[in-house]
Amino acid sequence: MTTVARVVLDSPLPQLDRLFDYRVPAELEDDCAPGVRVKVPLRTGARMSDAYVVEIVTEGEYPGELSAVETVVSPVPALAPEIWALARAVADRAAGVASDVLRLAVPTRQVRVEKAWLNRDTTWSPTAVTPPPVTGYADGVLEALVADRGRAAVAAVPHPVALGTEDEPVWVPGWAATLAQAAAHTVASERSAVVAVPDFRDVTDLERALLAVLPAERVVRFDAKQTNGQRAKALLQARTHAVVAIGNRTAMYAPATDLGLIAMWDDGDASFIEPRAPYVHTRDVALVRAAQSGAALLFVSHARSTDVQRLVELHWLQEVAPYRVKTPKVIPTVQQTGAEGYAAQARIPSSAWRAAREASQAGAVLVQVASPGFGTGLVCAECGERAHCRVCGGPLGTPHRGATPQCRFCGALAVGFRCPTCGNGTVKPIGQGAQRTADELGRAFPGTRIVVADGSRPLDEVPARPSVVVATRGAEPSVAGGYACVLLLDGERMLAREGLRVQEDVLRFWTNAAAKGAPGAEAYLVGIGGKLATAMALWRLDGPAHDELADRRELHFPPAVRVATLTGTDEAVTAAVEALEGLTAGSVLGPVPVEDDALPGTVRAIVRFPYAHGAEVAATLKAEVIRRSSTRRVLPGGNRRRAAPALRVRLDDAEPFSEV
DNA sequence: AGCACGCCGACT
DNA sequence: GTCGGCGTGCTC
């Protein structure tokens, strides 16, 4: 009887993306267990490939003679069985390669960490956990959902919450308190939880919330700023006992044992888009993992993404909303350019101005603006049309305040500029950066402390003292107990961007800032009217998501349908499109030539298909990629060096639609 | 990837 | 007659 190791090779080649059988020599049998790293010969005996053992069987599937496993790199298992299953399914969904997913999920080997782990005290066990109730929702609703392995879109508690003791309160965002409390319930039943959040600051917020309700040994953190060693240690820790694994995108791959809860905060945030092959969004990883593990699944946010809205409308997710919590008191003020009733200094309506001024005497006031620094361009002061250079058509800007407008491309001075649309002769900066707004507010609020927070001057927290905090969207500092008042200034400008997800994004920016206010604090939404303003004022944020999804259905745009982008030679792309015959929804876009590609003659097509055909579309495209990958392309000029493969496939890439 | 196998033009 | 060109295909 022979022992056979079935391994997955560490190779990005799609034609090697399957299990290979190797004989296990007698002297390696003790160490060669599922999950360990091994080296195996491939094709010609001299060359070795790294691989992970997926399973050990007595009889393989390969009919020919087997090569032997060369070495077991380390007896510490690096690849948990459920992470292998997850990687396989995630790769299949994206027509990608499983080892690419493993590169995201499994950190490189750390000998010192492994040694420490092998020498650990195996008699130690963590103390039992008594979870606190989940606050802000109807009694027991979220607890029952987690216990029954339910799935839900959860509207977040829209203000900061104090955890910890009354003497030493720990202020955290409402969403962080909810997720920490829910995760504590999972851990109390000795099952693990995995929670993914968009950025580093969110990880810190969530960690603080968790440490207020759980002992430290129950919290394992993964984030991009960790060293490889720290990550490797966290991974091994996650497999020893029930923990809450938290972090950014890669946390969704944490090998937490006996998973009871999978959760995401603010799944619409663009940070969840994976930039590495096979480019699978964290939300999709969560959905695959939930299906495999049967764990409870929570998407927590203020403004619901259209993707989650789709799952709600399918009744695949249920809706959970806070119970008896105070929502921000959003006051929309429609802009009337130049009208009276506006404070001259800072385009702030006088009502908001008075409220902010009053609030800044007592506590911190948050002012949200669109982008850092000063304005980046000029528009006609009358009609708002973008001002362009008469010589080359480039954008006009001012090098410093009060200077003559100048083209930012060719440098020509725009003396005597007249708007080609309305004939007006004056220009104004497009939007206002944080610094400019801070300057203006400084002049208008003499004696008030003004703080600026943006990408280049990040600030996590400000004291709850009288002050005005000017922050770019997404960089708003937290304040214990919440801001006394919030002003949302540049909404109009944020909405002016082109793209499929602009509305969802802007709603997220507004709601996330408004939720930094104290319970029931006023939030002035400047220059915005219509449906969005109404949704904000009523704090009914599922309406816009529903409307938006309805529009996408009509247009056959994601997430109403799924999309695949096919890039490569005209022949390969055309053949792949033909292979998808009968599986698509809506028309095929293209193929059209791709300008910026390194290879001339490269084309791209976008194919839309219904979710029900996903598995078949992915399998078909993977087969096409494998077929094309064996034949190398000859570059024009005769040099036959490494060229891009004839066909590249990417599923669910929203980028081609961002300029629609 | 890399390397072997295989089927058509100019050489001792 | 064969040596070697690189298109095609496989790797347990």
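Proteins get letters first, then strands, A, B, ... in listed order; numbering begins at 1 in each.
- We find that CZ of A:Arg23 is positioned 13 Å from P of C:dC12, with the value rounded to whole Å.
- The nearest whole Å value for the distance from the CG atom in A:Asp21 to the P atom in C:dC12 is 11 Å.
- Side-chain contact between A:Val38 and A:Val73: absent, with no pair of heavy atoms (C-beta onward) separated by less than 4.5 Å.
- Distance A:Leu13 CG to C:dT11 P: 14 Å, rounded to the nearest Å.
- Taking the charged nitrogens against the carboxylate oxygens, A:Arg6 and A:Glu61 do have a contact shorter than 4.0 Å, which makes a salt bridge.
- Between A:Arg627 atom CZ and C:dG9 atom P there is a gap of 10 Å when expressed in whole angstrom units.
- As rounded to whole Å, 15 Å separates atom C1' of B:dA1 from atom CD1 of A:Ile626.
- Residue contacts shown for A:Leu66 are limited to sugar-phosphate atoms, with no base heavy atom under 4.0 Å away.
- A heavy-atom distance below 4.5 Å is found between the side chains of A:Leu210 and A:Leu206.
- Computed from coordinates, the A:Gln15 CD to C:dG9 C1' distance equals 10 Å when rounded to whole Å.
- Going from atom CG of A:Asp17 over to atom C1' of C:dC12 covers 15 Å, rounded to whole Å.
- Rounded to whole angstrom, the span from the CZ atom of A:Arg47 across to the C1' atom of C:dC10 amounts to 11 Å.
- Between A:Ala105 and A:Leu235 the shortest heavy-atom distance is O-CD2, 4.0 Å.
- Both geometric conditions, a ring-centre gap below 5.5 Å and a plane tilt below 30°, are fulfilled for A:Tyr62 over the base of C:dC12.
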